[in-house]
Amino acid sequence: MTRIADEKILVLDFGSQYAQLIARRVRQQEVYCEIVRHNITAERIRELAPMGLILSGGPSSVYEEGAPKCDPEIFRLGLPVLGICYGMQLACEALGGQVENTPAREYGRARCRVGDNHQTEGSELFAGIGRELQVWMSHGDQVARVSDDFVPLAATDTCPIAAVKHRQWPIYGLQFHHEVTHTPEGPKILGNFLAGVCQCTGKWKLGDFARETIEAVRRRVGDKRVICGLSGGVDSAVVAALLSQAIGAQLSCILVDNGLLRKDEAEAVIKEFTDHFKADLHVVHAEDKFLDALAGVIEPQEKRKRIGHAFIDCFADEAAKIDGAEFLAQGTLYPDVIESGGATDGPAATIKLHHNVGGLPDDLDFKLIEPLRDLFKDEGRELGLQLGLPEEIVWRHPFPGPGLAVRCLGEVTRERLVTLREADAIVVEEIKRAGLYRQTSQSFAVLLPIQSVGVMGDARTYDDVVAVRSIDSEDFMTADWSHLPHDLLAHISTRIINEVSGVNRVVYDISSKPPATIEWE
């Protein structure tokens, strides 16, 4: 839809858990970056005209049958290439080197020594960096031998070839992960590659993106009407703000109150929308419909399926009442596009199935607008601030599409939702009061499908158990549990047990993702 940037970097994804993080690190240096499939052709790369390529890491071994490979012609395009971990091994092997498994594996922090050749052969990559640096390693294979065309640049105690440069072509490799915070000099190394090797000037700005996207929406929509589904989440709010600036009164928004929202959330969304947007707002009150659909259901996937079907019915019925609507706007972000396998594809012409709106049927026949599909979560938040959204909207913690149904383990009933909603409100309130809401990525309560024995007022109780979950994450692909102060956890527990009827025990979830997921269902 838009001309995103004159300068761009492509990240070829070989299955790395850090691929998105690499792209975000590039964008943080104000250079636009896209993630593409690992087997993209050299011809397609020429068409995209990037300033450089980054080959990501990956879980495979380059010498295994069926291991993901790239088009070998990309190394002959004359473009700067930076291989990271598996990407370095792949480049070295493709150009005459040898990769082997080694018993001396490296996982975690390591001291890396930059060799004598770096001042002449590899000065662009390690310019301004000392001869020894801390790096983050995560590999079982390593480059055992390089061809005469490569110069080793750095080493660790157990990895004699930790960085390389091709003698003639602008091809570099790093065995370590520069993109993680555990490599403190990582941003400088990446900056050296972008500016010194790729000759990028850092022109990409979110403000430019907003202006280009607003103009593109106006041209595409013309005088037609656009429907935007509001959920109370950050993404839909940012989309509504952008569309409001682009087309004003031609925007209609639909909020489906499914009875599965957080405490006072529907009222807050309506108030916020009324205060900040002047578009047409349709509120569908459908709590009974959703609870009837969930009656007796305890299996998580069946819950999601029934919620999706009920949402489709409500949304389609309300959309049919809006005259002249030809477009549907969704808050699809770049990670959504990547995970669905469509990072290199253009936007779909009509709505089929999309997780952001629960899966809309073919016969709804709206044209799709996804103005945020090129942005990461943090960029979406920054854009929201630039568009004038208040911080309490922009920094609101994410909330799952199926709502409290996936935090109410077991059967979802009106009574159990009241218990969960009150406990959840206490968790969020105390996290905010402690000044940790912005520091944590997601904090909430989960109602477990078990009861436990307790003593309250000298009497035996047999009541519900609430789990508290709080995580820290940059991209929500991986997450660590928040190390909240013990006094805060104690206070949250005391308030829930004292103030929420029917709860006599509170536990704290200390699992990370992976192996656990952020949500319990």
Side-chain angles (χ1 to χ4, degrees), residues 20-21 23-24 27-28 30 204-214 217 228-248 251 253-255 261-279 281 329-337 356-357 369-401 403 424-425 427-444 470-477 479 482 518:
Q20 293 188 42
L21 186 56
R24 289 176 67 251
R27 292 190 186 187
Q28 286 170 356
E30 299 184 332
W204 188 67
K205 311 287 184 185
L206 265 180
D208 296 335
F209 169 88
R211 285 189 293 273
E212 289 182 10
T213 304
I214 287 171
V217 168
C228 177
L230 283 180
S231 66
V234 177
D235 307 334
S236 64
V238 174
V239 169
L242 190 145
L243 291 174
S244 181
Q245 292 196 19
I247 58 175
L251 174 65
C253 291
I254 297 176
L255 170 64
L261 300 178
R262 290 169 285 200
K263 185 177 181 179
D264 301 327
E265 187 159 40
E267 294 81 359
V269 172
I270 294 170
K271 182 180 184 303
E272 290 163 354
F273 186 90
T274 303
D275 289 346
H276 297 285
F277 311 110
K278 305 304 178 184
L281 175 62
Q330 294 188 154
T332 308
L333 292 170
Y334 196 46
D336 303 326
V337 179
N356 278 339
V357 292
I369 292 179
E370 296 174 307
L372 308 184
R373 66 177 279 121
D374 294 305
L375 301 184
F376 288 99
K377 188 77 173 184
D378 57 336
E379 294 169 336
R381 292 187 193 274
E382 184 180 340
L383 179 61
L385 293 174
Q386 292 187 11
L387 293 170
L389 285 174
E391 289 198 359
E392 58 265 27
I393 295 178
V394 171
W395 291 105
R396 179 178 290 147
H397 283 184
F399 191 57
D424 183 75
V427 172
V428 174
E429 180 181 328
E430 292 301 331
I431 292 289
K432 287 181 176 178
R433 185 173 293 166
L436 296 174
Y437 192 74
R438 289 276 296 273
Q439 282 69 45
T440 57
S441 302
Q442 209 167 337
S443 302
F444 54 90
S470 183
I471 60 99
D472 303 327
S473 178
E474 287 193 349
D475 54 15
F476 294 90
M477 301 297 293
S482 304
I518 295 174

Under 3.5 Å, side-chain donor or acceptor atoms of residues 390-401 against the rest of the protein: list the pairs with distances, not counting sequence neighbours.
{"residue": "Glu391", "atom": "OE1", "partner": "Arg438", "partner atom": "NH1", "Å": "3.4"}
{"residue": "Arg396", "atom": "NH1", "partner": "Gly232", "partner atom": "O", "Å": "2.4"}
{"residue": "Arg396", "atom": "NH2", "partner": "Glu272", "partner atom": "OE1", "Å": "3.1"}
{"residue": "Arg396", "atom": "NH2", "partner": "Glu272", "partner atom": "OE2", "Å": "2.7"}
{"residue": "His397", "atom": "ND1", "partner": "Ser443", "partner atom": "N", "Å": "3.1"}
{"residue": "His397", "atom": "NE2", "partner": "Tyr437", "partner atom": "O", "Å": "2.9"}
{"residue": "His397", "atom": "NE2", "partner": "Thr440", "partner atom": "O", "Å": "3.2"}

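Asp264 meets the salt bridge (Lys or Arg N to Asp or Glu O under 4.0 Å) test with no other residue; sequence neighbours excluded. Residues forming a salt bridge (Lys or Arg N to Asp or Glu O under 4.0 Å) with Asp378 (at least two apart in sequence, or on another chain): Arg24. Take Glu382 and apply the salt bridge (Lys or Arg N to Asp or Glu O under 4.0 Å) test, not counting sequence neighbours, and it matches no residue. Looking at residues two or more places apart in sequence or on another chain, you find a side-chain hydrogen bond (donor to acceptor under 3.5 Å, both in side chains) between Arg211 and Asp208. In this structure Arg381 satisfies the side-chain hydrogen bond (donor to acceptor under 3.5 Å, both in side chains) test with no other residue, sequence neighbours excluded. Applying the side-chain hydrogen bond (donor to acceptor under 3.5 Å, both in side chains) test to Lys271 and every residue at least two apart in sequence or in another chain returns Asp275. Among residues two or more places apart in sequence or in another chain, the side-chain hydrogen bond (donor to acceptor under 3.5 Å, both in side chains) test is passed with Ser244 by none. Every residue two or more places apart in sequence or in another chain that forms a salt bridge (Lys or Arg N to Asp or Glu O under 4.0 Å) with Lys205 is listed here: Glu30. In this view, Gln245 and Ile214, Leu387 satisfy the side chain to side chain contact (heavy atoms under 4.5 Å, CB included) rule, not counting sequence neighbours. Applying the side chain to side chain contact (heavy atoms under 4.5 Å, CB included) criterion to Ala425, with sequence neighbours excluded, gives Lys263.
Judged as a salt bridge (Lys or Arg N to Asp or Glu O under 4.0 Å), not a single pair has a partner in residues 239-248 (not counting sequence neighbours).
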